[in-house]
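Data first, discussion second: the structure below is written as C-alpha cells.
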Amino acid sequence: MSTIADTMIRKIRAQDEASLARLYEAAFPTEDLVPLLRRLHAEVPDLLSLVAVGGANASGAENSSEECVGHALFTPCAVEGTDRQVALLGPIAVAPFRQRQGLGATLIREGSARLCQSGIQQVLVLGDPAYYGRLGFRPEKRIRPPYELPADWAGAWQSALLEGNAAPLSGTLRPPGAWLAPSLWAP
Ligand SMILES: CC(C)(COP(=O)(O)OP(=O)(O)OC[C@H]1O[C@@H](n2cnc3c(N)ncnc32)[C@H](O)[C@@H]1OP(=O)(O)O)[C@@H](O)C(=O)NCCC(=O)NCCS
C-alpha cells in the first residue's frame with residue numbers, strides 16, 4: 001500500500017464498482033470502458049487492479065470517502081513460446097481534477113513493484129509514448145501484440161523491464177479472452 005498527498009493506493013474491492021464506473025465516465029467521457037473492466041474483473045483471477053482513494057475531492061475539500069480518484073489495471077498474460085508471464089497495463093484513469101499531480105505515475109510504479117514481487121518482470125502497454133516514455137517504457141519489438149497494429153500505432157506498443165537483469169521475452173502476447181477483441185487494438 002502506498003500514499004500520495006493523502007491518497008491511498010490499494011487493491012480494488014467489490015464495493016468500489018460504482019465509484020470505479022464514475023471515475024471512468026469522468027476520465028473517458030467519449031468511451032465506455034466499463035464493460036471491459038467488468039469482464040476482466042470477473043474472468044481474470046490474478047488481475048492486479050489498483051485504486052487510489054481519498055485525498056482532496058473535486059471542490060478541494062478533504063475527501064474522507066472511499067471514492068476512487070485513480071485506477072490502474074495490470075493483466076497477467078502468457079507469451080507464446082515461453083513459460084513466463086508478462087503484464088499488460090491498461091486501462092488507467094485519473095479523475096480530471098486530480099490529473100497532472102503524479103497519481104498516474106504513482107499507480108504505475110506501485111503496480112510494477114507488486115508485479116515484480118509476484119515474479120513478473122515485464123509490463124507492456126499500448127498508449128501514448130509521450131506519457132509512458134517518461135515512466136521508463138520503450139518501444140517493444142520482441143513481443144508482438146495479439147493483433148497487428150496500424151502502422152501509425154507502432155510506436156504506441158511499449159514495454160518496461162521491472163528488474164535491471166530481467167531478460168526481455170520474445171513471442172506473441174496471449175492475453176485472456178476479454179482482451180481478444182480487434183477493436184481494443186485499433187483506433
Ligand atoms: C493519462 C492519465 C492516466 C495520466 O495520469 P496523471 O495522474 O494525470 O499523470 P501524471 O501526473 O503521472 O503525469 C502527468 C504528466 O504526464 C503528461 N500527460 C498526462 N496525460 C498525457 C497524455 N495522454 N499524453 C501525454 N502526456 C500526458 C502531462 O502533461 C503531465 O506532465 P506535465 O504536468 O509535466 O505537463 C490521466 O491523464 C487520465 O486519466 N487521462 C484520461 C484517460 C486516459 O487517457 N488514460 C490513458 C489511456 S488508457
Side-chain angles (χ1 to χ4, degrees), residues 1-12 16-41 44 47-58 60 63 67-77 86-115 123-140 145-147 149-150 152-160 162 173 175-176 178-187:
M1 199 180 288
S2 70
T3 55
I4 170 172
D6 297 328
T7 304
M8 183 179 66
I9 294 178
R10 60 160 170 78
K11 279 189 176 180
I12 199 162
D16 295 321
E17 186 177 352
S19 174
L20 188 70
R22 284 193 291 276
L23 168 65
Y24 272 81
E25 280 155 22
F28 291 88
T30 61
E31 202 176 348
D32 185 6
L33 290 170
V34 173
L36 173 67
L37 294 172
R38 287 213 180 101
R39 198 173 156 198
L40 284 164
H41 284 101
V44 184
L47 199 68
L48 176 58
S49 181
L50 296 178
V51 290
V53 295
N57 65 22
N63 177 16
E67 189 72 12
C68 296
V69 292
H71 176 247
L73 199 60
F74 299 84
T75 307
C77 301
V86 295
L88 179 63
L89 164 60
I92 175 167
V94 171
F97 74 96
R98 292 294 306 272
Q99 289 177 7
R100 305 183 78 157
Q101 297 166 24
L103 206 43
T106 302
L107 281 159
I108 292 171
R109 287 198 197 99
E110 174 73 18
S112 299
R114 291 181 186 224
L115 290 167
V123 178
L124 291 110
V125 71
L126 183 62
D128 189 341
Y131 181 65
Y132 294 99
R134 293 161 58 144
L135 299 171
F137 287 80
R138 297 290 174 264
E140 175 58 41
Y147 300 96
L149 299 175
D152 56 348
W153 272 35
W157 183 236
Q158 300 155 81
S159 85
L162 303 183
L173 189 77
W179 279 113
L180 293 179
S183 59
L184 295 172
W185 301 84

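For reference, positions follow the sequence shown, starting with 1. Just so you know, ligand 1 is whichever comes first in the structure, and atom 1 is the first atom listed for that ligand. These figures come from a predicted structure and were not determined experimentally.
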Starting from [atom], which protein heavy atom do you reach first, and at what distance in Å?
atom                    : result
atom 18 (N) of ligand 1 : Y131 CD1, 3.5 Å
atom 46 (C) of ligand 1 : I92 O, 3.7 Å
atom 24 (N) of ligand 1 : D128 OD2, 3.0 Å
atom 12 (O) of ligand 1 : A105 N, 2.9 Å
atom 31 (O) of ligand 1 : R134 NH2, 3.2 Å
atom 40 (N) of ligand 1 : Q99 NE2, 3.5 Å
atom 7 (O) of ligand 1  : G104 N, 2.8 Å
atom 42 (C) of ligand 1 : F28 CZ, 3.2 Å

Would you give the length of the straight line joining atom [atom1] of [X] to atom [atom2] of [Y], rounded to the nearest 0.5 angstrom?
X    : Y    : atom1 : atom2 : value
D16  : H71  : CG    : NE2   : 8.5 Å
L48  : R114 : CG    : CZ    : 6.5 Å
E110 : R10  : CD    : CZ    : 12.5 Å

Fill in: Test item, G102 contacting ligand 1 (heavy atom, 4.0 angstrom)
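Under 4.0 Å: yes for G102.
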
Discussion item. Quick check on A27 - does any of its heavy atoms sit under 4.0 Å from an atom of ligand 1?
Written reply: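 The answer is yes: ligand 1 sits under 4.0 Å from a heavy atom of A27.
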
Worksheet entry | Parallel, tilted or perpendicular, as decided by the 30° and 60° cut-offs, for the rings of W185 and W179 |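 Answer is perpendicular, since the angle exceeds 60°.
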
Worksheet item: Is there a nitrogen or oxygen of R100 sitting under 3.5 Å from a nitrogen or oxygen of ligand 1?
Response: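 So ligand 1 has an N or O lying under 3.5 Å from an N or O of R100.
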
Discussion item. Distance under 4.0 Å to a non-hydrogen atom of L103: what atoms of ligand 1 satisfy this?
Written reply: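 Result: 7 (O), 11 (O).
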
Worksheet item: Which ligand 1 atoms does A93 reach within 4.0 Å, using its non-hydrogen atoms?
Response: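 In order of numbering, the contacting atoms are 39 (O).
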
Nearest non-hydrogen partners of [X] and [Y], listed with the distance:
X    : Y    : value
F74  : S112 : CZ-N, 4.3 Å
V94  : G104 : CG2-N, 3.8 Å
P146 : L180 : CB-CD2, 4.1 Å

Practice prompt. Could you tell me whether V94 approaches ligand 1 through its side chain, its backbone, both or neither, with non-hydrogen atoms closer than 4.0 Å?
Written response: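 Under 4.0 Å from ligand 1, V94 contributes backbone and side-chain atoms.
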
Worksheet item: If you measure from each non-hydrogen atom of Q101 to ligand 1, which part falls under 4.0 Å: side chain, backbone, both or neither?
Response: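 The part of Q101 near ligand 1 is the backbone, not the side chain.
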
Worksheet item: Is there side-chain contact between Y131 and I108, with heavy atoms separated by less than 4.5 Å?
Response: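 In contact.
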
Worksheet item: Quick one: which of T75, L115, V123, L173 gives a side chain to side chain contact (heavy atoms under 4.5 Å, CB included) with V86?
Response: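 Testing V86 for a side chain to side chain contact (heavy atoms under 4.5 Å, CB included) against T75, L115, V123, L173 leaves exactly one candidate, L173.
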
Practice prompt. Give me the one residue out of V34, T30, L36 that meets side chain to side chain contact (heavy atoms under 4.5 Å, CB included) with D32.
Written response: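 Running side chain to side chain contact (heavy atoms under 4.5 Å, CB included) over V34, T30, L36 with D32 returns exactly one hit, V34.
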
